[in-house]
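Read the structure below first, then the notes.
Please read these numbers as outputs of a predicted model, since none were measured by experiment.
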Amino acid sequence: MERRSFLKSAVIGSLAMYSSVRAWSKPASYTDLKLSGPPQPVFIYNNWSAYDELSDNKPQTEELAMRELNEIIRLKKQGVQIDYYVMDAFWFSKEGGYRTWLKSHWPNGPEKWLSECKKNNIKPGMWFSTNLVRMGGKQVLDIIPEWQSSLGTDPNILCLFDGGYLAHLAGTLQMWHDKGVRLFKFDFAYFEAITPAMKDKFTKDEVIEKNKVAFMQMLQAFRRKNPDILVTGYNGFGGNMDNTYTPFSKTQSIDPRWLDTFDTLYCGDPRFSDVPMMNIWRSADNYSDHQAFAYQAYGMPIRRIDNCAFMIGTTGTCYSRATQCWKGMLILELARGGWVNVYHGNLELLSDKDGRWFAKVQRLYHELQKQDNTITFGSIPGKGEPYGFKSSTSNGAVCTVVNPSQRVATIELPLPNKFTEIMYRDGGFKPQLDGNKLTLGPEQLAVVGYGDFVNHRENMFEKFYDLGVDDTINIPMDIRPLNASFASITGKTIQANVTPEKNKGVRVVFQKFYSNGDPCRSWLGAPPDGKKVSEVIKIEVSQDGKAIPLHIEYDKMIWSGLSWGVGEVRHGSFDDSKPLQVTCSTTEKDAFSLKAEVYAVSYV
């Protein structure tokens with residue numbers, strides 16, 4: 001379920017009531033500005049996932065916000081570049097029409113935060129819902145008198161082309177700009193909103209177009225008056241974000257007029273892809289990689305895509321990942337080539353040493369991003385085969401490469417076949433580089449340099465471009481499929497007897513599908529009231545009737561759903577001279593078919 005659908009659960013969506021009574025066309029005043037887009041790569045901190053009032057109930061407070069500002073200042077001393085600090089959702093009072101801050105959490109308003117940002121050369125930013133006033137079943141914004149004439153036939157959303165809401169919002173944006181705010185983030189756009197006075201005058205398509213154009217024109221006028229701003233667009237401005245299997249299609253294309261309105265558009269909140277992986281965090285990387293490929297296919301220039309992928313923290317929105325596998329997440333967030341680089345969450349989880357490594361990676365990719373020539377190569381990430389991102393300068397290039405498959409795989413890099421070197425890799429399997437051919441272990445990430453990015457320079461006692469090895473990740477040294485003929489025990493359970501290999505563990509990959517063959521996601525809610533997905537996607541391994549301890553990483557409350565499970569029984573936890581019984585089951589009512597594969601894995 002897409003997050004914006006989760007939020008607007010009560011919206012009726014009754015557009016069928018609209019009838020076409022007259023022809024309508026785009027206003028003649030619309031012009032192609034071609035002025036938007038960041039003038040150079042920028043780095044943004046956003047405090048969402050340090051708190052979470054949607055997928056969790058951890059509130060944003062002044063204390064939390066100021067703590068994270070102090071963490072930004074600390075990390076900047078380690079060399080990390082942060083240009084903006086965006087105050088995300090729920091800073092506002094319910095009754096204030098985006099002009100006052102929530103008194104219970106900000107008793108003195110935002111002045112201290114604004115002042116400290118300015119003092120430390122950080123530009124403030126603020127979050128706004130485009131026109132949604134009810135989120136997660138709660139009224140988060142009262143309909144103030146200035147908005148009343150824009151209230152839709154669906155009372156959860158406000159019309160943008162009729163009534164006083166949009167003009168009031170424009171005045172609000174200018175008010176905050178005058179107080180020093182320089183980044184404006186817009187989320188949750190519902191262009192079907194229509195007032196009772198207008199509901200019989202336009203078709204569904206006309207309503208959507210009128211709302212879009214009104215919003216575009218307002219923001220474009222705001223930009224003309226204040227050319228020093230950044231405007232970013234999130235949910236509601238186009239593109240498929242639900243999954244990683246839907247083919248790229250023109251029906252999902254991004255309206256190019258948004259490129260005259262927003263500096264960047266995001267391509268989806270971090271979530272897990274439909275490519276099953278033992279390392280669940282690499283599956284999250286795969287989702288954001290896939291979305292970067294998709295939005296490029298939808299017509300977005302790479303530099304204008306905000307991949308929104310770096311999110312550390314202890315809340316439900318980031319699945320309480322803390323800093324697990326954060327180094328690869330950072331590398332890929334930068335390697336995708338977008339000029340808005342956003343870092344979310346609990347920065348206190350990063351040590352000073354982490355900050356210095358962060359800064360080193362950031363400096364490398366910052367220089368590459370400025371060239372504005374990032375390309376994608378290899379397979380589409382959602383297909384589960386190797387792929388990558390390449391950025392280059394006049395004297396060298398860097399390829400950031402992922403093998404999402406359950407096999408050792410080789411990919412040819414778009415580089416010359418000599419003078420290449422591995423700059424970074426996950427721990428475990430040691431990638432092999434033969435000219436421009438790179439062999440990676442299952443689910444492995446590596447970075448390869450060419451030309452100037454080969455480590456021929458020394459910086460003190462460490463190689464200048466050496467980003468090291470992330471030994472918190474352990475990629476199998478060997479993996480191979482085992483013969484496993486699964487039979488249906490019931491409609492929701494499959495089972496097989498498997499002969500293990502000597503001195504190796506066993507990995508089980510379990511997937512479920514809808515009747516049309518698409519991966520079937522299960523949604524069991526978010527913290528604190530949700531259930532773990534592992535309660536409906538179950539893998540069990542036994543021997544001689546006794547259960548063998550199974551290591552899984554998908555035992556989480558996942559607001560975005562999951563279509564698979566992967567688990568391992570470690571070598572030494574069973575007798576490898578006897579067969580294992582592997583049982584995979586689900587209680588997901590929408591699951592039509594089940595599939596499982598079994599692999600022998602070795603880590604030494």
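- The environment of K370 atom NZ is dense: over 12 non-hydrogen atoms of other residues, nucleotides or ligands sit within 6.0 angstrom.
- Between F389 and F293, the angle of the ring planes goes over 60°, which puts this pair in the perpendicular group of the 30/60° scheme.
- Each of D154, L160, T153 was checked for a side chain to side chain contact (heavy atoms under 4.5 Å, CB included) with I157, and the lone residue meeting it is D154.
- Listed by first and then second residue, the side-chain hydrogen bond (donor to acceptor under 3.5 Å, both in side chains) pairs that reach into residues 136-149 are W147-H168, sequence neighbours excluded.
- The structure places SG of C318 at 8.0 Å from CG of D52, a figure rounded to the nearest 0.5 Å.
- Between the side chains of D162 and Y165, no donor-acceptor pair of N or O atoms lies under 3.5 Å.
- Ion pair R223/D263 flagged as a salt bridge, since at least one NZ, NE, NH1 or NH2 atom sits closer than 4.0 Å to an Asp/Glu carboxylate oxygen.
- Judged by distance alone, the side chains of T61 and Y51 never bring a donor and an acceptor atom under 3.5 Å apart.
- In this structure, D260 does not pair ionically with R257, as no charged nitrogen and carboxylate oxygen lie closer than 4.0 Å.
- For Y45, the ring-ring contact (aromatic ring centres under 6.0 Å, His included) partners two or more places apart in sequence, or in a different chain, are Y85.
- In this structure, the separation between CG on L173 and CH2 on W176 is 11.0 Å, given to the nearest 0.5 Å.
- Looking at heavy atoms from C-beta onward, V402 lies out of side-chain contact with D285 at the 4.5 angstrom threshold.
- Every residue two or more places apart in sequence or in another chain that forms a side-chain contact (heavy atoms from CB on, under 4.5 Å) with S93 is listed here: E95, T100.
- Side-chain atoms of Y234 and D306 include a donor-acceptor pair closer than 3.5 Å.
- No hydrogens or angles considered: a donor-acceptor pair under 3.5 Å links the side chains of Q220 and T261.
- Applying the salt bridge (Lys or Arg N to Asp or Glu O under 4.0 Å) rule to K76 yields no partners; only residues at least two apart in sequence or on another chain are considered.
- Around the CG atom of N121, the shell of radius 6.0 Å holds no more than 12 heavy atoms that belong to other residues, nucleotides or ligands.
- Looking at L132 and M135, their side chains come closer than 4.5 Å, going by heavy atoms from C-beta outward.
- Scanning for side-chain hydrogen bond (donor to acceptor under 3.5 Å, both in side chains) contacts around K383 gives an empty result, with sequence neighbours left out.
- Between P519 and W564 there is no side-chain heavy-atom pair separated by less than 4.5 Å.
- To the nearest 0.5 Å, atom CG of residue N211 and atom CD1 of residue I194 are 7.0 Å apart.
- Between W91 and Y98, the ring planes lie tilted relative to each other; the angle falls in the 30° to 60° range.
- With hydrogens and angles left out, the side-chain atoms of S49 and T317 include no donor and acceptor closer than 3.5 Å.
- Residues in residues 98-114 take part in no salt bridge (Lys or Arg N to Asp or Glu O under 4.0 Å) pair, two or more places apart or across chains.
- Using cut-offs of 30° and 60° for the angle between ring planes, the W281 and F272 rings count as tilted.
- Every side-chain contact (heavy atoms from CB on, under 4.5 Å) that P270 has, sequence neighbours left out, goes to C308, M311.
- Distance check: H344 NE2 to T315 OG1 gives 10.5 Å after rounding to the nearest 0.5 Å.
- For F188 and F237, the gap between ring centers reaches or exceeds 6.0 Å.
- Between the CG atom of L75 and the CD atom of E68 there is a distance of 9.5 Å, given to the nearest 0.5 Å.
- Side-chain contact of S273 with S283: a donor-acceptor pair under 3.5 Å is present, judged by distance alone.
- Contact record, A193 with L158: CB-O, 3.3 Å, taken as the closest heavy-atom pair.
- Between L183 and I229 the shortest side-chain heavy-atom distance does not fall below 4.5 Å.
- In this model, no donor atom of one side chain and acceptor atom of the other lie less than 3.5 Å apart for Q60 and W48.
- Taking a 6.0 Å sphere around NZ of K123, one finds it holds 12 or fewer heavy atoms contributed by other residues, nucleotides or ligands.
- For S288, the side-chain hydrogen bond (donor to acceptor under 3.5 Å, both in side chains) criterion is met by no residue, not counting sequence neighbours.
- Applying the ring-ring contact (aromatic ring centres under 6.0 Å, His included) test to F222 and every residue at least two apart in sequence or in another chain returns F184.
- For the ring-ring contact (aromatic ring centres under 6.0 Å, His included) with F191, the lone residue among W258, F202, F161 that qualifies is W258.
- With respect to the salt-bridge test (charged N to carboxylate O, under 4.0 angstrom), the residues D274 and R521 qualify.
- Formation of a donor-acceptor pair under 3.5 Å by the Q362 side chain with backbone atoms of V80 is not found in this model.
- Taking the side-chain hydrogen bond (donor to acceptor under 3.5 Å, both in side chains) definition, one finds that T376 meets it with Q296, sequence neighbours left out.
- Sorted by first and then second residue, the salt bridge (Lys or Arg N to Asp or Glu O under 4.0 Å) pairs involving residues 167-189 (not counting sequence neighbours) are D88-K185, R182-D228.
- Note: Y319 and W559 have parallel aromatic rings, judged against thresholds of 30 and 60 degrees for the angle between ring planes.
- A donor atom on one side chain and an acceptor atom on the other are not found under 3.5 Å apart for Q81 and N341.
- Using a 4.0 Å cut-off between charged nitrogen and carboxylate oxygen, E348 and R67 count as a salt-bridge pair.
- For F92 and H105, the gap between ring centers reaches or exceeds 6.0 Å.
- Note that CD of Q174 is 10.5 Å distant from OG1 of T172, once rounded to the nearest 0.5 Å.
- Side-chain N or O atoms of E209 include none that pairs as donor or acceptor with a backbone N or O of E206 at under 3.5 Å.
- Considering F186, Y190, F128 in turn, F186 is the only one that fulfils the ring-ring contact (aromatic ring centres under 6.0 Å, His included) rule with F215.
- Partners of Y298 under the ring-ring contact (aromatic ring centres under 6.0 Å, His included) rule, at least two apart in sequence or in another chain, are Y295.
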